[in-house]
Amino acid sequence: MARLINTIADLKRHIIVSATFDFEKVLPFAKRVERKIILDLIGQEQYDTIIVHAFNAESTTPINQVKELLEEAVANYSLFLAMPTINILITNSGAKTSTTTNSENADWKDKRDLNRSLLKTYNEALDDAFQLMEENVTDFPEWQISKYYTVFKDLIVPQTTIFNDHFSIQKNRQTFSALKPYMREVEDQYLKAMLGKETLTLLKTKSEITIINEAIEIAQKAIVAFTVAKAAITGTFTFTDSSFTVASDQLPWEKQSELSKEDRNDLKKARQEAGEEYLKSLKKLILTYPLMFPAYVDNSEKGITDKIIRTKSGLFL
C-alpha cells in the first residue's frame with residue numbers, strides 16, 4: 001500500500017540523517033503514525049486522494065502543499081517514536097545496543113533537544129496542513145463531506161494556531177488536543193448557556209459578514225481565556241510566564257521558570273475575569289446588531305448572566 005513515507009529518500013526530504021541510516025527502523029513507526037493519526041484526522045478517502053497525488057516541488061496548489069506538510073509531520077513524528085529503539089538490535093539472545101568506533105552517543109541534553117525539535121516540527125507541520133485544508137476546503141471534497149471535518153469544526157476554536165493567537169501554547173498540537181475537553185466544557189458552561197444552540201452554531205461557521213466574524217473572534221477570545229483559567233489549576237500542563245504546554249519531561253533550567261501554585265491561582269483569576277469581559281463585549285455586539293443574530297434571545301435571568309453576577313469580581317452582563 002502506498003504511503004506518505006515509503007523510502008529513505010522520502011525521509012531525507014524532511015530530516016537530515018546519516019548516509020548509513022537504516023530506514024527499516026523508522027518505517028514501522030511511519031505506518032503507525034499514518035494509520036493512527038493521519039487517517040483518524042482526514043479519513044481514508046481523502047488520505048487516498050493525497051497519496052496518489054504526484055508531488056511537484058514547484059507547485060503551490062493546496063493539495064501539493066498539504067501533501068508535503070503531512071509528509072513532514074509523519075517523518076518527524078515517526079523518527080521521534082523510533083528514537084528509544086533506534087540503536088537497539090533484537091537478537092536471539094536478547095536486546096543489544098549497536099555502536100560504532102567512529103562516533104559517540106549523544107548526551108541526554110542533546111537527545112532531549114532533538115526529541116523536542118522533532119515534536120515541534122511535527123506539531124507545526126500538521127497544524128499548517130489543517131490550516132491550508134480549512135482555507136481551501138473545496139480542494140479536499142472527501143474531507144469536507146466526511147465526519148472528520150465535522151469533528152474538526154465542532155469547537156469554536158478549531159485550530160492550534162487560533163488558540164495560540166490568544167494565549168501561547170507554543171503552537172503545540174498535543175497541548176491543543178489535551179485542551180479540547182476543557183474547551184467543550186467552557187462552550188457548554190458559558191457560550192451555550194448565554195447564546196443558545198443556534199447562535200453558538202452560527203459562531204462556529206466562518207462568515208462573509210464582518211459583524212459575525214467580529215463576534216466569532218470575541219467568542220474565541222472568551223473560550224481561550226476561560227480554558228486557560230481551568231487548565232491553570234490542573235496538573236496536566238506546565239505553565240511559565242509567557243506560555244503553557246502539556247506536561248512533559250523538562251530540562252533542569254526549564255523547571256526554574258515554572259509558575260508557582262500562587263501564580264497559577266492569580267493566572268486563573270485574571271483569565272476568568274478576562275473571559276467575563278469578553279462575554280460582556282460579545283453580548284453588547286449581538287444586541288447592537290440583532291438582525292445578524294436572529295436566533296438570539298436575551299434572557300437576563302438565566303444561564304451565564306447569573307453565573308457572572310455571582311462572581312467575586314462583581315461583573316455582570
Side-chain angles (χ1 to χ4, degrees), residues 1-42 46-47 50-90 97-100 102-133 160-161 164 169-177 245-246 248-251 254:
M1 182 183 74
R3 295 181 296 271
L4 289 164
I5 300 295
N6 295 284
T7 66
I8 185 64
D10 293 335
L11 187 70
K12 285 184 175 181
R13 287 185 55 244
H14 305 285
I15 302 173
I16 299 174
V17 295
S18 71
T20 59
F21 182 78
D22 185 1
F23 176 69
E24 295 301 317
K25 291 195 172 185
V26 173
L27 183 58
F29 295 97
K31 293 178 181 178
R32 176 181 166 192
V33 173
E34 294 190 30
R35 182 181 72 254
K36 300 296 290 184
I37 297 179
I38 306 301
L39 280 172
D40 279 353
L41 290 172
I42 65 176
Q46 187 62 69
Y47 173 83
I50 292 173
I51 290 296
V52 299
H53 172 75
F55 176 74
N56 179 354
E58 304 300 320
S59 173
T60 59
T61 60
I63 192 170
N64 201 70
Q65 294 182 69
V66 165
K67 182 170 185 175
E68 182 172 34
L69 286 165
L70 291 180
E71 286 180 359
E72 183 178 318
V74 171
N76 279 271
Y77 197 46
S78 58
L79 185 56
F80 167 78
L81 293 176
M83 287 302 294
T85 59
I86 207 120
N87 68 333
I88 294 178
L89 301 175
I90 307 299
T97 301
S98 60
T99 60
T100 69
N102 297 322
S103 62
E104 60 182 35
N105 289 333
D107 64 26
W108 69 272
K109 296 189 297 296
D110 292 332
K111 291 178 180 178
R112 191 71 54 80
D113 288 344
L114 174 59
N115 283 337
R116 295 219 167 154
S117 176
L118 293 171
L119 274 180
K120 182 174 185 290
T121 304
Y122 154 73
N123 282 313
E124 291 180 351
L126 198 58
D127 275 317
D128 287 347
F130 274 97
Q131 184 173 350
L132 272 169
M133 291 176 72
T160 310
T161 51
N164 199 81
I169 53 174
Q170 298 181 24
K171 297 182 179 179
N172 189 302
R173 185 173 183 83
Q174 185 181 5
T175 299
F176 180 74
S177 296
T245 57
V246 68
S248 61
D249 291 338
Q250 294 175 284
L251 298 172
E254 291 177 317

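Keep in mind that what you see is a predicted model, and the values were worked out from it rather than measured. Residue indices begin at 1 and follow the sequence shown.
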(message) So Asn123 and Thr175, do their side chains get closer than 4.5 Å, heavy atoms only?
(response) no

(request) Would you give the length of the straight line joining atom CG of Asn56 to atom NZ of Lys67, rounded to the nearest 0.5 angstrom? (result) 11.0 Å

(request) Write down the atom of Gln170, the atom of Asn164, and the distance for their closest heavy-atom approach. (result) N-OD1, 3.0 Å

(request) Could you check if a side-chain atom of Tyr122 sits within less than 4.5 angstrom of a side-chain atom of Ile37, using non-hydrogen atoms only? (result) yes

(request) List the atom of Ile51, the atom of Arg3, and the distance in Å for their closest heavy-atom pair. (result) CD1-C, 3.4 Å

(message) Just verifying a value: how many Å separate Thr161 OG1 and Asp128 CG, rounded to the nearest 0.5 Å?
(response) 8.0 Å

(message) Suppose we screen for side chain to side chain donor-acceptor pair (under 3.5 Å). Which residues come up paired with Ser78, at least two apart in sequence or across chains?
(response) none

(message) Looking at Lys171, I want to see if its NZ is surrounded by more than 12 non-hydrogen atoms of other residues, nucleotides or ligands under 6.0 Å.
(response) no

(message) Regarding Thr160 and Asp127, do their side chains bring together a donor and an acceptor under 3.5 Å, going by distance alone?
(response) yes

(message) Rounded at 0.5 Å granularity, tell me how far CE in Met83 sits from CG in Asn115.
(response) 5.5 Å

(message) How close do Gln65 and Leu132 get, counting heavy atoms only, and between which atoms?
(response) CB-CD1, 3.7 Å

(message) Are the side chains of Leu4 and Asp10 in contact, using a 4.5 Å heavy-atom criterion?
(response) no

(message) Working to the nearest 0.5 angstrom, can you tell me the gap between Gln46 CD and Ile38 CD1?
(response) 12.0 Å

(message) I want to check something: taking the side chain as every heavy atom from C-beta on, are Val33 and Ile5 in contact at a cut-off of under 4.5 Å?
(response) no

(request) Starting at NZ of Lys36, measure out to OH of Tyr77 and round the result to the nearest 0.5 Å. (result) 12.0 Å

(message) Could you measure the distance from the CZ atom of Arg35 to the OH atom of Tyr47? Nearest 0.5 Å is fine.
(response) 10.5 Å

(request) With the side chain counted from C-beta on, respond yes when Glu72 and Thr121 share a heavy-atom pair under 4.5 Å apart, and no when they do not. (result) yes

(request) Kindly indicate whether the side chain of Glu124, heavy atoms from C-beta on, has any atom under 4.5 Å from the side chain of Lys120. (result) yes

(request) Evaluate the side-chain proximity of Leu70 to Leu126: yes if any heavy-atom separation is below 4.5 Å, no if none is. (result) yes

(message) Can you confirm whether more than 12 heavy atoms, excluding those of Arg13, are under 6.0 Å from its CZ atom?
(response) yes

(request) Please report the shortest heavy-atom distance between Ile42 and Met133, naming the atom on each side. (result) CG2-CE, 3.9 Å

(message) Are the side chains of Phe21 and Leu11 in contact, using a 4.5 Å heavy-atom criterion?
(response) yes

(request) Considering non-hydrogen atoms only, spot the tightest contact between Ala125 and Ala73 and give its length. (result) CB-N, 3.9 Å

(request) Identify, with sequence neighbours excluded, every residue that meets side chain to side chain donor-acceptor pair (under 3.5 Å) alongside Thr61. (result) Ser59

(request) Please report the closest heavy-atom contact between Ala54 and Asn64, naming both atoms and the distance. (result) O-OD1, 3.9 Å

